[in-house]
Amino acid sequence: MEKKVRVRFAPSPTGGLHLGGVRTVLYNYLFAKQHNGTFVLRIEDTDQTRFVEGAEEYIQECLKWCGLEPDESPLSGGPYAPYRQSERKEMYRQYAEQLVTQGNAYYAFDTPQELEAMREKFKSEENPSPQYGHGIREKMRNSLTLPADEVSHLLSGGAQHVIRIKMPEDETITFTDMIRGEVSFNSSLTDDKVLLKADGMPTYHLAVVVDDYSMKITHAFRGEEWLPSAPVHVLLWKYLGWMEEMPEWAHLPLILKPDGHGKLSKRDGDRLGFPVFAMNWKDAKNEEVTTGFRELGFLPEAFINLLAVLGWNDGTEQELFTIEELVEKFSLTHVHKGGAKFNYEKAKWFNHEWIKKYKVEGLRQKVKEVFAANGLEAYDDEKLDVVIELVKDRCTLLTDFWQQASFFFMAPETIDVASVKPKWNEDKAMFFDILSEKLVLLEEWNVADIETLFKETAAEKGIKMGELQLPFRIMLVGGKFGPTVFDIAELIGKKETIERIRKGLSLLS
RNA sequence: GGAGCGUUGGUCAAGGGGUUAAGACACCUCCCUUUCACGGAGGAAUCACGGGUUCGAUUCCCGUACGCUCUACCA
């Protein structure tokens with residue numbers, strides 16, 4: 001009988017939630033849902049020096065926005081609580097001690113200064129970063145080199161110490177990665193990683209295996225950057241006697257910078273002008289706000305969609321997927337091995353497609369929020385629906401609705417005079433003057449009648465339609481954008497149309 | 001330096017011993033529209049390199065190059 005699928009996303013609460021992080025969540029989520037499994041959120045807060053207030057809440061909020069909520073988490077609890085590593089502190093020591101007793105780990109008393117000195121001393125051209133491992137551990141101050149009575153004396157005296165794994169010499173460690181297939185490493189190449197820090201907290205290496213074991217995780221997804229330390233984890237599963245329960249690994253490809261190479265970072269976003277975090281993140285230290293995809297006007301569905309296909313595809317030409325389709329179609333065999341450069345233009349394309357795909361009802365509230373954010377609160381809701389339908393095809397981001405739709409509800413504050421002025425003349429001024437007079441007398445206010453009147457008047461004055469439409473547009477909306485001018489005129493109404501023409505006329509003359 | 005992982009147009013990518021090597025974004029041209037989009041029709045552009053294996057390699061194998069990740073009491 002197959003075990004019930006359990007996966008986890010285990011971020012450190014150190015700041016904004018990065019694109020790569022959300023994609024890891026997504027793949028976890030899709031895999032879990034696809035197998036009727038459980039998705040757990042575990043907070044890896046073992047490094048109190050990097051802990052950031054509010055980051056955990058922020059992560060939960062991001063997952064909520066994305067629609068990728070965990071089944072078990074610090075917030076909602078679950079059968080394997082607690083879900084914060086800091087609250088699980090006690091259990092790690094016991095396993096670390098067990099490893100010492102078994103001879104797979106040892107106490108190390110070296111100070112940071114001594115470690116630094118060691119690295120300096122053994123540093124050479126061929127080996128720029130000497131490792132605390134076989135060959136060097138014999139020269140350090142640890143329970144392998146010190147006499148037993150001195151070790152117990154140090155321990156009982158409360159001497160600062162860590163517990164390190166004792167990496168075996170020249171052993172080949174092999175495991176199967178669901179994406180990469182069989183991967184092997186030579187154990188001599190990895191150093192004796194610290195398992196338990198001097199403050200009693202576990203490092204990631206110990207914590208991840210103890211927690212994955214105790215939370216019965218069956219499949220572990222993480223970024224490719226973890227591949228080199230995977231042998232340490234595999235060894236730990238083995239030494240702790242849990243090999244049978246070790247999860248299947250999947251090391252996900254990285255999301256790369258759009259230009260050049262390397263992991264995408266927040267700095268790249270700042271530098272190139274696109275978001276990297278799911279939602280706005282405010283740095284507590286300098287109050288600096290980093291804009292997120294949500295606030296920039298992305299739909300969560302689009303955000304998820306673009307992340308899903310960054311490194312995965314279903315083998316067909318389909319690019320637009322709902323979350324339900326993703327759950328159904330996602331497959332690790334179609335996950336790329338190589339990293340993918342992030343392309344913001346394409347990301348926006350996804351959002352554009354999703355806006356077009358959305359029904360007015362779904363967009364309504366979101367557009368209202370955009371309006372509210374710009375200080376527009378009072379308007380006719382029925383008219384708003386009509387407007388949304390009319391302009392949504394030309395909105396790439398939700399925030400574009402401000403430019404594309406606000407002029408239906410309020411006259412433009414400024415108009416783009418410069419676009420009209422060069423070709424402006426007395427005849428045109430006269431045309432609009434006459435037009436406004438005629439509009440006053442127009443009985444039926446609809447697109448057809450307005451357009452007819454406009455054309456007739458243009459013909460009377462002998463001016464080409466095209467010459468007049470741009471100035472008309474500028475008067476009504478303020479700039480070179482928006483739907484057909486006559487649609488706009490009908491929607492904003494007779495009085496408003498005439499007022500805007502008159503105002504435009506005064507600004508142009 | 002070492003190890004691991006990777007490499008199909010500018011970008012995301014399908015494919016995989018024999019194909020005119022899909023598709024999307026971006027770019028260019030044209031149509032539609034005398035706004036901006038949407039939409040439509042075209043175009044340019046790719047298998048990193050060198051050896052094998054093979055009747056035949058983009059595909060399999062080995063090298064090389066390049067890139068990335070790791071090499072912390074950070075995750």
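Labels below follow one simple rule: chain letters A, B, ... track the order of the sequence lines, proteins then strands, and each chain is numbered from 1.
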TODO: May I ask you to evaluate whether Ser124(A) reaches the phosphate of rG1(B), defined as a side-chain N or O under 4.0 Å from OP1 or OP2?
DONE: no
Task: Proximity to the side chain of Thr203(A) - top-ranked nucleotide from rC73(B), rC68(B), rA13(B) - done: rC73(B)
Task: salt_bridge(Asp259(A), Arg271(A)) N-O dist < 4.0 Å - done: yes
Task: rU64(B): pairing nucleotide in any strand, Watson-Crick or G-U under 3.5 angstrom - done: rA48(B)
TODO: Answer yes or no for Lys421(A) and Trp424(A): cation-pi contact, defined as NZ/CZ to six-membered ring centre under 6.0 Å and angle to ring axis within 45°.
DONE: no
Open item on the list: Can you identify which nucleotide, out of rG1(B), rG23(B), rU11(B), has its nearest atom closest to the Pro128(A) side chain?
Closed with: rG1(B)
Open item on the list: Taking Lys357(A) first and then Glu353(A), would you say they form a salt bridge - that is, a charged N and a carboxylate O separated by under 4.0 Å?
Closed with: no
Task: Ion pair check, Glu467(A) and Lys461(A), cut-off under 4.0 Å - done: no
Task: Anti versus syn assignment for rC38(B), with syn defined as within 90° of 0 - done: syn
Task: Pairing partner of rC38(B) (Watson-Crick or G-U wobble, both distances under 3.5 Å) - done: none
- [ ] Any strand is fair game: report the nucleotide pairing with rU69(B) by Watson-Crick or G-U wobble, both distances under 3.5 Å, or none.
- [x] rA3(B)
TODO: Can you figure out which of rA13(B), rU71(B), rC73(B) approaches the side chain of Ala340(A) most closely?
DONE: rA13(B)
TODO: Side chain of Trp349(A) only, please: which of rC25(B), rC5(B), rU11(B) is the nearest?
DONE: rC25(B)
